[in-house]
Amino acid sequence: MMNDEKKETGKTKDLKANTKDASGKTMTTNQGVKVNDTNNSLKAGERGSSLLEDFILREKITHFDHERIPERIVHARGSGAHGVFELYESLEAYTKAGIFTDTNRKTPVFVRFSTVAGNKGSADLARDVRGFATKFYTEEGIFDLVGNNMPIFFIQDAMKFPDLIHAVKPEPDRDIPQAASAHDTFYDFVSHTTETLHNHIWVMSDRAIPRSFRMMEGFGIHTFRLVNAEGKSHFVKFHWKPLLGTHSITWDEAVKIHGADTDFHRRDLWEAIDAGQFPEWELGLQIIPEEDEHKFDFDILDPTKLIPEEMVPVQRVGKMTLNRNPDNFFAETEQVAFHPGHVVPGIDFTNDPLLQGRLFSYTDTQLSRLGSPNFHEIPINRPINETHNNQRDAHMRMTVDKGKTAYFPNSIGGGCPHLAKMAQGGFTSYEERIDAKKIRGRSTSFSDHYSQPALFYRSLTDWEQQHVADAYTFELGKCSYDHIKKRMLYVINQIDKDLATKVANGLGMQVPKDIDQPVNQAIGADANVEDHQPGPKKEYLDRSNALSLTHLKSDSIATRKIAFLVGDGFDGEQVMKMKKALTEENAMVHLVATHGGTVKCDHDKDHEVDAALLTTESVLYDAVYVPGGSKSIEALLNAPKSIKFINETLKHCKAVAAEQGAADLLDKTAISMFKGDKAILIGKDPDAFIAQIAAHRNWVRQPEAMKIPV
Ligand code: HDE
């Protein structure tokens, strides 16, 4: 759908104009005074005290003292990138939003991916939801799609959000654990709040440990509205579908990556864009006519429910490409301010009570985080169209407003800025009919908490189900209260009996027997805590294939990282042949050698080493290749980490390719456990290796692979 004729709507230029490049320039203070010494403070003599009059020192230190701003309460750790959104076909039947009707536009976007629970400096591979927030700089103003990589949320009403976050954050007495849900307060909350179970089982799945931000789906979660020029509304759910497919890693790798590279996802996104391998997602819409609002077995305003793709297909309507890394992390990724309430004409809200609460929260949080209601003037937050209104002043106002009038109506200012008439694109809210009593409560249509977690679990492959069971066992194994574990086993049992049995076995506990009784009676708990019973489980769909990670496949190995294990004397021709085949497919080949610097091939030629074995780990790569060359194999045998490297690659079900000449090394590994494994290729053509890397993992290997003791 690329069209060279498309209009470039200036955001990239706009931000560039605000970018200071110091090359060739003289250093000055912030007041413009030239500086000739930035290493020494002004002193009373060579060994004397520093002088208070040193305005250069004071300015430098004062600015430094205030460099940090409060990190986000949630989603503190993030990575951002610039890009562009292009529409495939006009959706004017559904919406009047220019971004969804004008196929000639290239709408600039800025995307920020994040984890939720951890602090800004926490590790990327925490088991967690990932934020997926997109700012569209449209010609009619900013539209923010502030979503996650999971299609549902933990709670149904904004009122409970502080409780959820307080429960998952580090426990307040000791401030541990960091960026981890595996602790008492979180499970105390989850086990008493069954509406969380759907999002929770997604967090127990591999979706919570993605291989890359570039290989995750994104979801707007809430049902929104699209409104067309005639004022007709359709309900809509937003999806992002990654063109590289959806892929995750194992928990064992996640734990090891925590130590090997805490910036694994951040680095991965940066390096891919830097290498010109631009990540792409298609925007998918599930569109539901207004009259179908009540046709489902669940409430479409309930954010803990997804609409299975088998019930309402996802139409792919456009493509987003991330094609530029930020110039400055703080100015862009840290200062970007998203808000689900930033919508443009043609997009509107529903009464989802979680969405309604969010509409308040995001501006409010920017006031304490960015310090002023003028945060929209920060370059990354500025719309590309002009803004005019009568709002004035406040901290850090950048705009120099001219004229006498800052009120409406006025005659002195010629009535300006004048109001937009509807025909000129003024925002008008959808005229939804409301006729109700004011209540503090919740619709009974929100009370089914078990059907969709059960649907999710049924829809997974065997290996994905095993990972879910392992994750529950790990997380609950970190809880110290038996009654919380029992309560969790009770609710897991409501979702799926086999799952509950596996988890109970792992914990060395029994599944509570009388699951037809209210939970407090079933687990013999003291009944001080409210015994809320969700509604009965329904089975309206046997399975939804779209819920499994295997659903979105990609044949591409672009940007996959392949380690070539070598020592001096490796077979240069074999390496060149394999490297050529892989790099032609845009994979990234790294020479991992027994030492740093350069390594010699069997023709005595020097090759630059990408990483010495000592400084890297197998978990940072997608596959491994071992070329022949007797001296090289001997060197690898003398570096026992090479054996661990291969064994770990096998354990994590990745592809391993080796030449016949590598047999002596392979004999020392666990390779003989996997006779007939399709992703272990000895002396085979590069094409076979490429196919197995594209398949991501050979999960069939998993039950045996778990026995490898690394
Ligand atoms: Fe957020 N959320 N949230 N959230 N959220 C924030 O806003 C909040 C919710 C999401 O990269 C905060 O600017 C409330 C759902 C993302 O900058 C804060 C409720 C979804 C990001 C806030 C929710 C999200 C945030 C913290 C319940 C998925 C990161 C800093 C009513 C659809 C955006 C900030 C970025 C950030 C509040 C629930 C996604 C405190 C009150 C549901 C991706 O305002």
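Values in this document were obtained by computation on a predicted structure and should not be read as measured data. Numbers for residues simply follow the sequence, beginning at 1. Scope of the values below: all heavy atoms of this structure, side chains included, with no hydrogens, waters or symmetry mates. Counting starts at 1 for both ligands and their atoms, in listed order.
- Of all atoms in ligand 1, listed by their number and element, those nearer than 4.0 Å to a heavy atom of Arg112 are 11 (O), 17 (O), 35 (C).
- Residue, atom and distance of the protein heavy atom nearest to atom 6 (C) of ligand 1 are Tyr362 CE2, 3.3 Å.
- Closest to atom 40 (C) of ligand 1 among all protein heavy atoms lies Thr365 OG1, 3.8 Å.
- Judged by distance alone, with hydrogens and angles left aside, the side-chain atoms of Arg130 form a donor-acceptor pair with the main-chain N or O of Ala208 at under 3.5 Å.
- Remark: ligand 1 atoms within the under-4.0 Å shell around heavy atoms of Phe153 are 15 (C), 38 (C), 42 (C).
- In terms of protein heavy-atom proximity, atom 10 (C) of ligand 1 is closest to His75 NE2, 3.3 Å.
- Considering every non-hydrogen atom in both Leu455 and Pro308, the closest pair reads CD2-CG, 4.1 Å.
- Every atom of ligand 1 with a heavy atom of Gly131 under 4.0 Å away is listed here by number and element: 43 (C).
- Set against the non-hydrogen atoms of Val74, the atoms of ligand 1 under 4.0 Å away are 2 (N), 6 (C), 26 (C).
- Under the 3.5 Å distance criterion, with hydrogens and angles disregarded, no donor-acceptor pair is assigned to the side chains of Thr95 and Asn228.
- Less than 6.0 angstrom separates the ring centroid of Phe136 from the ring centroid of Phe85.
- In this structure, the side chain of Thr196 engages the main chain of Thr193 through a donor-acceptor pair within 3.5 Å.
- When only non-hydrogen protein atoms are considered, atom 24 (C) of ligand 1 lies nearest to Arg358 NH2, 3.0 Å.
- Using a 4.0 Å cut-off to heavy atoms of Ile221, the atoms of ligand 1 that qualify are 28 (C), 32 (C).
- Taking the six-membered ring where tryptophan is involved, the planes of Phe238 and Phe143 are tilted, since the angle between them lies from 30° to 60°.
- In this structure, the side chain of Ser548 does not engage the main chain of Leu460 through any donor-acceptor pair within 3.5 Å.
- Of the protein's non-hydrogen atoms, the one nearest atom 17 (O) of ligand 1 is Arg72 NE, 2.7 Å.
- Using cut-offs of 30° and 60° on the angle between ring planes, the pair Tyr540 and Phe298 is tilted.
- Among the atoms of His222, none of the N or O lies under 3.5 angstrom from an N or O of ligand 1.
- Scanning the protein for heavy atoms near atom 37 (C) of ligand 1, the closest one is Ser361 OG, 3.3 Å.
- Of the heavy atoms in His339, none comes closer than 4.0 Å to ligand 1.
- Among protein heavy atoms, atom 33 (C) of ligand 1 sits closest to Phe338 CD1, 3.9 Å.
- Taking all atoms of both residues into account, the shortest heavy-atom contact from Lys305 to Gln452 is CA-OE1, 3.4 Å.
- Each of the following atoms of ligand 1 lies closer than 4.0 Å to a heavy atom of Asn148: 20 (C), 28 (C), 39 (C), 43 (C).
- The side chain to side chain contact (heavy atoms under 4.5 Å, CB included) test with Phe235 is passed by exactly one of Ile307, Asp292, Ile287, Thr223: Thr223.
- Aromatic ring centroids of Tyr472 and His200 lie under 6.0 Å apart.
- Phe132 and Trp240 have parallel rings, their planes meeting at less than 30° on a 0 to 90° scale where 60° marks the start of perpendicular.
- Near Ala158, with a cut-off below 4.0 Å to any heavy atom, the atoms of ligand 1 are 31 (C).
- Residue Gly147 places a heavy atom less than 4.0 Å from ligand 1.
- When heavy-atom distances to ligand 1 are checked against a 4.0 Å cut-off, Leu354 comes that close through both its backbone and its side chain.
- Among all non-hydrogen protein atoms, the one lying nearest atom 13 (O) of ligand 1 is Gln366 NE2, 2.8 Å.
- Looking at ligand 1, you won't find any N or O of Ser114 less than 3.5 Å from one of its N or O atoms.
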